[in-house]
J.: 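One structure, as C-alpha cells, below. Some questions next.
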Amino acid sequence: MAFSGALTLTDLNDFITPSQACIKPVDQTNKAEPKDPGAASTEILVDSAGSYYEVSADSLKTNTASQKKLETAEVSLNDCLACSGCITSAESVLITLQSHTEVLNFLAQNPSRPDPSHKIPIVSVAPQSLASLAASISSTSTATPVTLHQVLRRVQAFCETVLGFEHVFDTTFARHIALLEHAREFQERKKGEGALPMLSSACPGWVCYAEKTHAEMLPFISRTKSPQQVMGTLVKQWLRRKWGKRPNQIYHVSVMPCYDKKLEASRHDFYNEAYSTRDVDCVITTGELERMMREKGWNLSIPVTGEDDLGIRTNGTGSSPSLSSLTLEECDQNLDTIIPELITHPGTSSGSYLHSLIVMLMGTSDDLELNVRNIRSADYEEYTLTHRLSREIVFRGAKCYGFRNLQNVVRKVGRDAGVQVGRGAAGRLGGLRGKGVRTRKNAGGDAAGTPEKGYDYVEVMACPGGCANGGGQIRPPVRSNVDEEGYKRDWESSGVAMDVDLPIQGQSAKWGDREWTKKVEEMYWHGLPTPPPSPTLDHGNLRIGTDAKRHFADLLALEVLKETCNPAVSIDDMVWTSSMNEEAEAKRRTLFRTQYRAVESEVVGLAVKW
Ligand code: SF4
C-alpha cells in the first residue's frame, strides 16, 4: 500500500499529529452493561492476524482460553475526519475510498453512451502534479526536458485514449477564480467584515490541523474555496449546465500533489445532498497517476502528436488557434468553448496567494515599495508594502511553509490578535478581540516603542517547500533498495521510479529532498518570466492581467459568476469584486466559499510519545 511520503518516520519534525490508536478499533454493538462488582473482568487481545478477541481475565489466569471474536469496525472517512487523534494515520482508509483502483473500477463499470446512467468522466490536474511528472521525465539521463504544456498534452492523451476520460483540464483557471474571490474576501476583512490577519485556506493539511488543534485560528482562515474545490464547482455547477447534465451525471477526478486533498474533497461542505454527489468524486495523487500509467504501459517520456502546438483545446477536445493570438473580441466570442489552460500566476508554486494580494494592492501606481525579508529560510519570508513618501507600512504579509514555521506564525497571530493559543478544539475563540482590528500588546517594534505592524495576510502551507514538495508527488528516482536508515524498501510498489542509470550512493526516496523539490520548482516555472521560488521585486513582473490568457481568464471568470449566481440586475463595468444583489451574493458564498468547524478532541496529538 502506498502511503504518503510525509508519513515516513524519518521526517517526524514536520509530522502533523500522530495518533497511536484509532478511536474505532472495534465495533461495540451492545451497550455496556452496568458493572456488577462481582463480575468477571475482560481484556481485549489481538492475534497475529490482527483479529480482536474479548477474553475473560479469569480464563487468562487459569489458561483456559474462553474468548469471543470481536467484529472489526467499519471506519468511514467521516469517522476519520471526526477523530481527534490524527490526520495522517487515516490515510490507509482514504487510499481505499479514494484511490486509483477506485477510478479504474468506476471507469470499467461506467455504461457507455447513450445509456442514461452513463456519467461523463472528467479529470482535473493540478499544475504542481504536472511539474512533478515533468521532473520525473527529465530526471532520466536520456530524456530531454519537457514543458508543463507538453506534459499536460501527454496526460490528456493517456487519460482520454487509454482510460476513456472525456475531458481533461488543468486547475489553473479554477485557481484564477479562487485568487479573485480570495482578494475580494481580503477587501471585506479590511473593511471590518471578518478577522485579520487572513490566513490562506488552499492547504487542507493546514486547515485540518487548525480545526483539530487550533480552533482559535479558525476565524482567521480564509473562507475561499481551494482551486480543487472551485474546479468542483465549475464542473458540477457550471459546465454540467452547458452540457445539459445533472451534477450526479458527471464523475470528477482530481490529480493533486498530496493526500490531504482527499480529506478536503470529502468534507461535508462539498457534498451535494440533493444529488448525492461530491464536487470532486475521487482524488488521486501524482504518484497514483504515474502508477496508473506504468500499469497501463504508458511511457510519459514519449511525445504525443501535436504536443508542441500551443493552440488551446475547446472544452477538452479538438484544438483552436493560440489563445495569445486572439484579439479581445475573439476572446469574447470564444467564452463558451474555451477554458484557458496553464494560466501563470507569478509568485509561489503553491498558488501565489500572497502575491496576488500584493499585485492587487500595488494597483497601477508606483506609490508603494515592496520589500522582502527572509525570517528563517525561503519557507518563511515577510513581504511589506511601504508608501514611498510617508514611509508608512500599508501591508505586511508572510509566506510560511512547513509545520515548524507554522507553529511560530500561529503563536504570533494569536499574540497579535489577543487570542489564547491552545491545542485541541478547546482552543479559545472567546478571546478574539475586535474582529478586523489588531489588538497588539507588543511584538517587537521600533526604537521609539511604536509596535511593529502585525500581519495582514499569511500564505500558509503545511509542506516545507510548499506544494512542489507535497506528500503525493513523485519521489526522486532511486537505484538502491535500501533507505537512509539501512532498511530494505520495496520502492517500486510504493510508486517510486527506479533508475538503473543513477549512481547508488546518495540516492534516496526521502520526502522533502531539497534538490528534488528545486527541480520540481524549475519545471513548474519552466520558460516563464517569474523565476523560482519567488517573484523578483521588478514591478513589471508582478503585474497580472497583461497577457491575453489572464485577460481571457478574467472575462471567463466573470461569465462564470454571472451564469452561476444570476445577478438580478446587470452591473455596468462589472468585475469579480463587484457586489451583486443579496440573493446572488448568497449564491456566490455557497459556490466559492466554505466553512470550518472545530473538531472536539480528547487526545492531544502532539502530546503522544512515540
Ligand atoms: Fe497539500 Fe502540502 Fe500543498 Fe498543503 S502544502 S496543499 S499538504 S501539497
Side-chain angles (χ1 to χ4, degrees), residues 3-8 11 13-17 86-88 90-91 94 98 124-133 135 171-172 174-175 178-179 182 199-213 221-222 224-232 254-267 270 280 283-289 345 347-354 377-380 398-407 409 458-475 511-514 516-517 520-521 523-524 533 594:
F3 282 95
S4 160
L7 298 179
T8 56
D11 287 294
N13 63 356
D14 251 315
F15 204 76
I16 302 177
T17 52
C86 63
I87 293 170
T88 51
E91 287 183 338
L94 292 172
Q98 298 209 34
S124 306
V125 192
Q128 296 86 359
S129 296
L130 294 172
S132 178
L133 291 166
T171 58
T172 55
R175 179 175 70 190
L179 290 173
H182 165 267
L199 309 177
S200 64
S201 58
C203 171
W206 142 244
V207 174
C208 291
Y209 168 73
E211 283 187 321
K212 292 181 179 187
T213 64
I221 300 178
S222 162
T224 303
K225 284 184 184 178
S226 71
Q228 169 175 272
Q229 295 311 133
V230 170
M231 195 68 207
S254 71
V255 180
M256 290 286 141
C258 66
Y259 289 80
D260 299 312
K261 286 284 174 188
K262 297 179 191 241
L263 276 169
E264 180 181 66
S266 306
R267 295 175 72 93
F270 307 136
V280 181
V283 181
I284 60 170
T285 62
T286 319
E288 287 171 293
L289 174 64
H345 297 104
T348 63
S349 60
S350 299
S352 307
Y353 283 83
L354 172 63
S377 65
D379 274 351
Y380 190 1
K399 167 190 140 182
C400 169
Y401 293 177
F403 271 91
R404 259 198 221 162
N405 291 327
L406 204 147
Q407 290 288 351
V409 163
V458 188
E459 181 176 305
V460 188
M461 295 289 156
C463 296
C467 298
N469 181 35
Q473 297 282 61
I474 297 168
R475 299 281 158 267
W511 178 67
D513 181 306
R514 278 170 204 247
W516 182 250
T517 305
V520 178
E521 279 270 346
M523 291 295 144
Y524 184 90
T594 183

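Atoms within each ligand, like the ligands themselves, are counted from 1 in listed order. For reference, positions follow the sequence shown, starting with 1.
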J.: How far is atom 7 (S) of ligand 1 from its nearest protein heavy atom, and which residue and atom name does that atom have?
T.: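 Atom 7 (S) of ligand 1 sits closest to the protein heavy atom D260 OD2, 3.4 Å.
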J.: Under a 4.0 Å threshold between the charged nitrogen and the carboxylate oxygen, would R267 count as salt-bridged to E211?
T.: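 Looking at E211 and R267, the cut-off is met.
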J.: Could you tell me which atoms of ligand 1, counted from 1 in the order shown, lie closer than 4.0 angstrom to a heavy atom of G470?
T.: 8 (S)
J.: Look at C463 and state whether any of its N, O or S atoms is less than 2.8 Å from atom 2 (Fe) of ligand 1.
T.: yes
J.: Could you tell me whether ligand 1 has any atom less than 4.0 Å away from a heavy atom of A462?
T.: yes
J.: Find all atoms of ligand 1 within a distance of less than 4.0 Å from any non-hydrogen atom belonging to P204, and give their numbers and elements.
T.: 6 (S)
J.: Where the side chain of S352 meets the backbone of H345, is there a donor-acceptor pair that is under 3.5 Å apart?
T.: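 Yes.
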J.: Spell out, as yes or no, whether a donor-acceptor pair under 3.5 Å connects the side chain of E459 to the backbone of L354.
T.: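 Yes; judged by distance alone, with no hydrogens or angles, the pair exists.
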J.: For atom 3 (Fe) of ligand 1, what's the nearest protein heavy-atom neighbour? Residue, atom name and distance, please.
T.: C467 SG, 2.4 Å
J.: Using a 4.0 Å cut-off to any heavy atom of M461, which atoms of ligand 1 qualify?
T.: 5 (S)
J.: Are the side chain of D379 and the backbone of P464 linked by a donor-acceptor contact shorter than 3.5 Å?
T.: no
J.: Just checking: C203, one of its N/O/S atoms, less than 2.8 Å away from atom 1 (Fe) of ligand 1, yes or no?
T.: no
J.: What residue and atom, counting heavy atoms only, is the protein's closest point to atom 1 (Fe) of ligand 1, and at what distance?
T.: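 Of every protein heavy atom, C258 SG, 2.3 Å lies nearest to atom 1 (Fe) of ligand 1.
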J.: Quick check: does any side chain N or O of Q128 sit under 3.5 Å from a backbone N or O of S349, one acting as donor and the other as acceptor?
T.: yes
J.: Could you report the tightest heavy-atom contact between S129 and P257, atom names first, then the distance?
T.: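 Scanning both residues, the minimum pair turns out to be OG-N, 3.6 Å.
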J.: Between ligand 1 and G471, can you find any atom pair, the residue atom being a heavy atom, that is separated by under 4.0 Å?
T.: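 The answer is no: ligand 1 sits nowhere under 4.0 Å from a heavy atom of G471.
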J.: Would you call K262 and E288 a salt bridge, taking side-chain N to carboxylate O under 4.0 Å as the test?
T.: yes
